[in-house]
Amino acid sequence: MEKQYRLKKNRAFQYVYRRGHSVACRDLVMLCAKGRELKVGFSVSKKVGNAVTRNKVKRRLRECFRPYLGDVKTGLYVIVARPSAAEATFQSLQRDIRYLLKKQAALKEGNRAE
RNA sequence: CGAGGUGAACAGGCGGUUGCGUGGCGCGAGCCAUGAGGAAAGUCCGGGCACCACAGAGCAAGGGUGCCGGCUAACGGCCGGCGGAGGCGACUCCAGGGAGAGUGCAACAGAAAGAAACCGCCAGGCUUCCUUCACGGAGCCAGGUAAGGAUGGAAAGGCGAGGUAAGAGCUCACCCGCGGGACUGGUAACUUUCCCGCGCUGUAAACCCCACCCGGUGCAAGAUGCAGGGGGCCAGACGGCUGCUCGCCGCAGUCCCCCGGGAUCGCUGGAGCCAUCCGGUGACGGAUGGCCUGGAUAGAUGACCGCCCAAUACAGAACCCGGCUUAUGGUCACGCUCGCGCG
RNA sequence: GGCUCCGUUGUCUAGAGGCCUAGGACGCCGCCCUCUCAAGGCGGAAACACGGGUUCGAAUCCCGUCGGAGCUG
């Protein structure tokens with residue numbers, strides 16, 4: 001996932017937290033706000049675990065989101081990991097991302113049928 | 001065989017597909033190289049570096065350290081000794097100066113907590129009892145005495161003999177402890193032996209005294225500017241208030257300052273790592289040769305597999321080094337210890 | 001990243017070497033009162049974050065872990 005797609009500044013996160021629409025499942029929360037560009041940010045708090053497990057969760061989430069970069073509508077996305085995400089496997093995180101994107105109706109029309 | 005002790009290295013490796021950071025090459029698609037730890041952690045110490053203050057050092061406050069010698073850039077670290085404590089032992093641990101400067105504290109218990117006479121013991125005087133004296137008993141008075149006594153963590157060195165009215169280091173022998181001096185060994189801490197004096201409670205991780213060390217803030221330090229903001233200046237091309245002059249405002253010019261938003265630098269080659277040899281008991285030092293080994297900025301190592309395999313645990317750089325402490329997996333070495341069994 | 005502070009019953013707290021077997025308030029449990037509940041009265045359970053050290057003796061002093069707040073940005 002390249003730099004241009006990343007959500008960076010804290011104020012941008014705050015904007016998404018205020019204005020975004022949220023959907024959730026057991027391990028993750030996804031917030032989405034409208035925007036001209038596609039930006040994705042990940043938030044993994046200290047409640048999830050120590051630095052090693054936080055990094056691992058973040059890397060897995062980035063890898064899960066990567067295949068959808070071309071298929072997702074533009075906007076600002078923030079994905080928050082809940083503490084239970086530390087125990088989740090890569091496959092279950094993949095299922096959660098797919099489920100949340102569908103629930104958010106964020107996929108472009110052409111890929112809906114897939 | 002079991003239970004320990006000490007020390008050391010390692011922290012999976014190789015190969016695919018795909019993805020990320022940095023560097024190089026290329027117009028470009030892309031290709032090549034490289035990419036977390038022994039603790040990166042806690043932030044407990046010591047430095048480098050940067051800015052501020054003082055630009056001389058001293059004093060005060062506050063904080064820290066505390067046997068001796070050495071190592072080191074420095075340290076509260078390390079090495080080697082000394083002393084003490086623990087353990088059958090290998091060995092381990094110790095904030096290990098000063099209580100012969102002063103102040104404080106020592107609950108409860110106990111007569112009494114460095115100050116002592118409650119009980120007891122003892123000779124004396126007076127009264128009294130036993131028919132009287134003596135001996136003896138009881139009471140009172142004013143004394144002597146720390147040998148004995150509930151206690152306590154701790155009770156005024158210990159034991160024996162002499163001595164005494166009763167006693168007491170009051171005296172003596174031996175032992176113990178403390179201080180001083182001389183001597184042996186040692187650079188020193190300390191120690192061997194002897195002499196003299198003393199018998200003093202514990203506590204300084206209570207205040208304190210003594211010796212030594214420490215200016216403060218920390219890379220989000222700091223530097224350069226871009227956007228922006230503020231102020232001054234002159235006279236002028238321009239616009240507006242107005243048709244003209246003066247005046248004012250804006251814009252432009254130039255100088256200075258601020259700079260929180262953004263950018264670049266700081267940013268990684270260093271008290272560096274490896275090998276051999278030499279000096280040293282050792283920490284470590286020296287010489288020679290070789291090597292280049294993260295630099296991100298919402299923060300780079302992931303996903304799916306195959307083989308070897310016991311291959312897992314603790315755990316992720318954020319300016320950089322030297323330590324300490326804590327977390328943690330299995331492995332190895334020992335001409336280290338103890339116990340059991342067999343020969 | 002850096003700095004500062006704090007951990008005592010379920011909650012808020014008192015404590016400053018021995019008086020602590022740790023006190024108080026709210027809450028909880030039981031009994032009394034009442035036709036019942038509330039209020040009231042009586043009684044009870046319940047804590048020094050953890051591990052070492054100093055001391056005769058530690059919630060208190062020292063060291064190290066663990067946890068939680070706050071400041072800076």
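In what follows, every heavy atom counts, from backbone to side chain, and hydrogens, waters and symmetry copies are set aside. To find a chain, count down the sequence lines: A is the first, B the second, and so on, and within it residues start at 1.
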Participant: Test A:Met30 against every option in A:Val23, A:Val80, A:Val40 by the side chain to side chain contact (heavy atoms under 4.5 Å, CB included) rule and name the one that passes.
Facilitator: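 Among A:Val23, A:Val80, A:Val40, the one meeting side chain to side chain contact (heavy atoms under 4.5 Å, CB included) with A:Met30 is A:Val23.
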Participant: Rounding to an integer number of angstrom, what distance separates B:G152 and C:C5 when you compare their P atoms?
Facilitator: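 Those two atoms are separated by 43 Å.
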Participant: With syn defined as a glycosidic torsion within 90 degrees of 0 and anti otherwise, which applies to B:G38?
Facilitator: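 Syn, which is what one calls it when the glycosidic angle falls within 90° of 0.
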Participant: Just verifying a value: how many Å separate A:Cys25 SG and A:Asp96 CG, rounded to the nearest 0.5 Å?
Facilitator: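 Going from SG on A:Cys25 over to CG on A:Asp96, the span is 3.5 Å.
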Participant: Which base sits across from C:A22 as a Watson-Crick or G-U pair, both distances under 3.5 Å?
Facilitator: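 Its partner is none (no Watson-Crick or G-U wobble pair with both distances under 3.5 Å).
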Participant: Please work out whether B:A36 sits syn or anti, treating a glycosidic angle within 90° of 0 as syn.
Facilitator: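 B:A36: syn glycosidic orientation.
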Participant: Using Watson-Crick or G-U wobble geometry with both distances under 3.5 Å, which nucleotide pairs with B:G330?
Facilitator: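 Pair assignment: B:G330 / none.
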Participant: Can you work out whether A:Gly41 or A:Arg60 has the more 5'-proximal nearest nucleotide on RNA chain B?
Facilitator: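 Of the two residues, A:Gly41 wins.
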Participant: Expressed in whole Å, how much space separates the C1' atoms belonging to C:G67 and C:C50?
Facilitator: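 Roughly 10 Å separates the two C1' atoms.
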Participant: In whole Å, what separates the C1' atom of B:C71 from that of B:A50?
Facilitator: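 It comes out at 31 Å once rounded to the nearest Å.
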Participant: Roughly how far apart are A:Thr53 OG1 and A:Lys58 NZ, rounded to 0.5 Å?
Facilitator: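 Rounded to the nearest 0.5 Å, the OG1-NZ separation comes to 10.5 Å.
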Participant: Can you tell me the distance, in whole Å, between the CG atom of A:Leu93 and the P atom of B:C304?
Facilitator: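 Taking CG of A:Leu93 and P of B:C304, I get 11 Å after rounding.
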Participant: Taking syn as a glycosidic torsion within 90° of 0 and anything else as anti, which one is C:G30?
Facilitator: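 That one's anti.
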Participant: Using the C1' atom as the point on both nucleotides, what is the distance between B:A235 and B:U254, in whole Å?
Facilitator: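 Here B:U254 and B:A235 have their C1' atoms 12 Å from each other.
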Participant: Strictly by Watson-Crick or wobble contacts shorter than 3.5 Å, is anything paired with B:G294, and which nucleotide is it?
Facilitator: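 Partner of B:G294: none.
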Participant: In whole angstrom, what separates A:Lys58's NZ from B:A300's C1'?
Facilitator: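 Those two atoms, NZ and C1', are 11 Å apart.
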Participant: Are A:Val57 and A:Tyr68 connected in a single hydrophobic cluster, I mean Ile/Leu/Val/Met/Phe/Trp/Tyr linked by side-chain heavy atoms less than 4.5 Å apart?
Facilitator: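 Yes, it is one cluster - the side chains of A:Tyr68 and A:Val57 are joined through contacts under 4.5 Å.
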Participant: Are A:Leu61 and A:Leu38 connected into the same hydrophobic cluster when the rule is that any two of I, L, V, M, F, W, Y join if their side-chain heavy atoms are below 4.5 Å apart?
Facilitator: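 Result: yes, single cluster for both.
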Participant: When the C1' atoms of B:A189 and B:G66 are compared, how many Å lie between them, rounded to an integer?
Facilitator: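 These two C1' atoms come out 14 Å apart once rounded.
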Participant: Does A:Arg54 place a side-chain N or O at less than 4.0 Å from the phosphate oxygens OP1/OP2 of B:A298?
Facilitator: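 So the side-chain polar atoms of A:Arg54 never come under 4.0 Å of the phosphate oxygens OP1 or OP2 of B:A298.
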Participant: Rounding to an integer number of angstrom, what distance separates B:G157 and B:C200 when you compare their P atoms?
Facilitator: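 One P to the other, the span is 5 Å.
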Participant: Distance check needed: B:U18 C1' versus A:Arg62 CZ, whole Å only.
Facilitator: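 Computing the A:Arg62:CZ to B:U18:C1' distance gives 16 Å.
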Participant: Does A:Leu93 belong to the same Ile/Leu/Val/Met/Phe/Trp/Tyr cluster as A:Tyr99, with side-chain heavy atoms less than 4.5 Å apart forming each link?
Facilitator: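 Linked within one cluster.
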Participant: What I want to find out is whether A:Glu63 reaches A:Arg60 closely enough, with some N-O distance under 4.0 Å, to be called a salt bridge.
Facilitator: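 Salt bridge absent between A:Glu63 and A:Arg60.
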Participant: Write down the partner of B:G197 under the Watson-Crick or G-U wobble criteria, each distance required to be under 3.5 Å.
Facilitator: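 When the pairing criteria are applied, B:C178 turns out to be the nucleotide that pairs with B:G197.
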Participant: Calculate the interatomic distance between A:Phe90 atom CZ and B:C305 atom P; express it in whole Å.
Facilitator: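 Distance check: A:Phe90 CZ to B:C305 P gives 11 Å.
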Participant: Without decimals, in angstroms, what is the distance between A:Leu61 CG and B:C20 P?
Facilitator: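 From A:Leu61 CG to B:C20 P: 17 Å.
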Participant: Whom does B:C212 pair with, Watson-Crick or G-U wobble, provided both distances fall under 3.5 Å?
Facilitator: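 For B:C212, the partner nucleotide comes out as B:G64, under the 3.5 Å rule.
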Participant: Given atom CD of A:Gln94 and atom C1' of B:U18, what is their separation to the nearest angstrom?
Facilitator: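 The answer, rounded to whole Å, is 13 Å.
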Participant: Which one is paired to C:C31, where only Watson-Crick or G-U wobble pairs with both distances under 3.5 angstrom count?
Facilitator: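 Check on C:C31: paired to C:G41, both distances under 3.5 Å.
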Participant: Say we look at B:G169 and B:C198: how far apart would their C1' atoms be, to the nearest angstrom?
Facilitator: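 The answer is 11 Å between these two C1' atoms.
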Participant: Using the C1' atom on both, measure C:U34 against C:G41 and round to a whole Å.
Facilitator: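 Here C:U34 and C:G41 have their C1' atoms 13 Å from each other.
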Participant: Tell me if B:G100 is syn or anti. Syn = glycosidic torsion within 90° of 0, anti otherwise.
Facilitator: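 Syn, which is what one calls it when the glycosidic angle falls within 90° of 0.
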Participant: Between B:A303 atom P and A:Glu63 atom CD, what is the distance in whole Å?
Facilitator: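 Between P of B:A303 and CD of A:Glu63: 8 Å.
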Participant: Would you mind telling me which residue lines up with the more 5' stretch of RNA chain B, A:Gln91 or A:Ser43, judged by nearest nucleotide?
Facilitator: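 With A:Gln91 and A:Ser43 compared, the 5'-side residue is A:Ser43.
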Participant: Check the distance between B:U301's P and A:Lys56's NZ and give it to me in whole angstrom.
Facilitator: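 Roughly 12 Å, once rounded to whole Å.
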Participant: Taking a pair as Watson-Crick or G-U wobble with both distances under 3.5 Å, which nucleotide is matched to B:U276?
Facilitator: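 B:U276 is paired, partner B:A287.
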Participant: Would B:U34 be called syn or anti here, given the cut-off of 90° from 0?
Facilitator: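 In terms of base orientation relative to the sugar, B:U34 is anti.
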Participant: Could you please name the partner base of B:U34, counting Watson-Crick and G-U wobble pairs only when both distances are under 3.5 Å?
Facilitator: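 Result: B:G21.
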